[in-house]
Amino acid sequence: MKVVNFDETPSLMSRYLLEMRSVDMQRDPLRFRRNLERAGEIMAYEISKTMKYKKVEVQTPLDVATCDALDEKVVLGTIFRAGVPFHQGFLSYFDSAENAFVSAYRKYKEKENFDILIEYLASPRLEGKTLILCDPMLATGASMELSYRALLTKGTPARVHLASVIASRQAVEYLEKLMPEDATLWVGVIDDHINAHSYIVPGLGDAGDLAYGTKE
């Protein structure tokens with residue numbers, strides 16, 4: 001699996017990461033959601049540069065122009081619930097894409113012991129298509145892996161892109177062992193570790209709560 005780490009080259013992504021991490025700016029959920037969208041838009045643009053295109057002719061008011069048109073069928077997948085605004089950023093750019101949705105959540109057995117459960121899946125057929133699977137926080141990698149396995153019940157995609165805003169080093173290493181060799185992980189930044197509760201440190205906290213409010 002190839003890993004593309006945006007943090008290696010400072011850009012506008014750096015600004016949005018700064019704002020999402022800041023406890024002061026996190027008080028504004030609208031801005032937090034918008035920054036997740038912006039991160040998705042930047043990643044969508046960069047991913048688009050790796051895709052296949054074909055030449056098409058377009059009639060203009062004056063003549064015929066030869067243009068490049070995307071030659072891949074894209075499916076945007078997201079993991080509820082923090083993934084929704086991140087997904088919207090991708091959808092703003094891949095506006096003709098099909099969409100898939102997976103619910104993956106932590107079912108705690110004890111304070112620091114949990115399983116990842118998948119309870120909902122809605123997806124088109126994936127056979128021969130390009131799957132972009134989005135989840136802003138990649139802590140252990142288990143949710144991403146299980147969501148990907150669930151989506152494989154809808155067919156095997158021709159190409160796979162995974163996208164996260166913040167990942168732990170542990171999660172990256174975990175997915176490198178399990179994902180297809182030709183898959184690509186796009187990540188805003190890789191943090192060093194996770195704590196006893198499997199939260200990324202320094203991370204930014206619970207992205208779902210910051211975007212939509214706390215849950216019981």
Side-chain angles (χ1 to χ4, degrees), residues 1-5 36 39-40 43-44 46-47 50-51 72-91 94 97-110 112-188 190-191 193-194 197-200 203 206-208 211 215:
M1 181 183 76
K2 180 182 178 181
V3 179
V4 178
N5 182 0
L36 283 178
M43 288 189 181
E46 293 299 325
I47 291 173
T50 72
M51 292 182 166
E72 296 186 26
K73 294 182 178 179
V74 177
V75 177
L76 300 176
T78 193
I79 301 174
F80 289 146
R81 85 188 141 134
V84 173
F86 192 37
H87 176 102
Q88 184 58 49
F90 282 89
L91 189 57
F94 292 107
E98 297 178 280
N99 295 270
F101 300 93
V102 184
S103 71
Y105 72 97
R106 296 180 178 189
K107 179 69 173 180
Y108 283 88
K109 296 180 287 188
E110 299 172 2
E112 297 176 1
N113 188 11
F114 59 87
D115 293 323
I116 302 294
L117 299 184
I118 305 276
E119 288 192 345
Y120 176 84
L121 172 64
S123 173
R125 291 297 300 171
L126 297 178
E127 199 70 38
K129 299 176 183 178
T130 296
L131 173 65
I132 303 175
L133 183 55
C134 313
D135 190 9
M137 303 301 289
L138 196 62
T140 67
S143 293
M144 185 73 86
E145 181 215 352
L146 291 175
S147 296
Y148 172 69
R149 302 297 177 199
L151 285 164
L152 288 182
T153 63
K154 303 299 182 180
T156 303
R159 301 182 69 190
V160 177
H161 298 276
L162 309 177
S164 289
V165 175
I166 300 179
S168 72
R169 180 68 59 186
Q170 175 181 326
V172 173
E173 293 174 354
Y174 178 79
L175 290 175
E176 284 177 327
K177 298 174 183 177
L178 298 170
M179 298 301 297
E181 288 187 7
D182 59 350
T184 303
L185 171 64
W186 304 78
V187 62
I190 300 174
D191 284 352
H193 66 284
I194 57 176
H197 298 283
S198 294
Y199 284 108
I200 303 171
D206 190 308
K215 58 189 179 296

Applying ring pair (Phe, Tyr, Trp, His ring centres under 6.0 Å) to F80 and F101, what does each step give before you reach the verdict?
CA-CA 7 Å; F80 289 146; F101 300 93; 5.8 Å; yes
Step-by-step side-chain contact (heavy atoms from CB on, under 4.5 Å) determination, L185 to E176
CA-CA 9 Å; L185 171 64; E176 284 177 327; over 6 Å; no
Once rounded to the nearest 0.5 Å, what's the spacing between atom CD of Q88 and atom CG of L76?
9.5 Å
Donor-acceptor list for residues 148-161 side chains, cut-off 3.5 Å, not counting sequence neighbours:
from	atom 1	to	atom 2	distance (Å)
R149	NH2	L178	O	3.1
T153	OG1	A150	O	2.6
R159	NH1	T50	O	3.1
R159	NH1	E72	OE2	2.7
R159	NH2	T50	O	3.3
H161	ND1	W186	NE1	3.0

Pairwise side-chain contact, M43 with C134, heavy-atom cut-off 4.5 Å (strictly under):
no
Non-hydrogen atoms of A82 and G208 that approach each other most closely:
CB-N, 3.5 Å
At what distance, to the nearest 0.5 angstrom, does CG of D182 lie from CE of M1?
11.5 Å
Report the distance from atom CD1 of I166 to atom CG of D135, rounding to the nearest 0.5 Å.
12.0 Å
How are the rings of H197 and Y199 set relative to one another: parallel (under 30°), tilted (30 to 60°) or perpendicular (over 60°)?
tilted
Looking only at heavy atoms, the pair that brings G141 and L175 closest together is O-CD2, 3.7 Å
Considering only heavy atoms from C-beta outward, does the side chain of V172 approach that of N5 to under 4.5 Å?
no
For the residue pair P124 and V75, establish whether any side-chain heavy-atom pair is separated by less than 4.5 Å.
yes
Evaluate whether atom NZ of K215 has more than 12 neighbouring non-hydrogen atoms of other residues, nucleotides or ligands under 6.0 angstrom away.
yes
State the CG-CG distance between L162 and L131, to the nearest 0.5 angstrom.
7.5 Å
Mind checking the CD1-OG1 spacing from I47 to T130? Nearest 0.5 Å is all I need.
10.0 Å
Could you report the tightest heavy-atom contact between T78 and G83, atom names first, then the distance?
OG1-O, 2.9 Å
Here the gap from S143 atom OG to L138 atom CG, rounded to the nearest 0.5 Å, amounts to 8.5 Å
Does anything in residues 165-174 form a side chain to side chain donor-acceptor pair (under 3.5 Å)? List the pairs, not counting sequence neighbours.
E145-Y174
Closest heavy-atom pair, A139 versus I194, reported as atoms and distance to 0.1 Å, is O-CG2, 3.5 Å
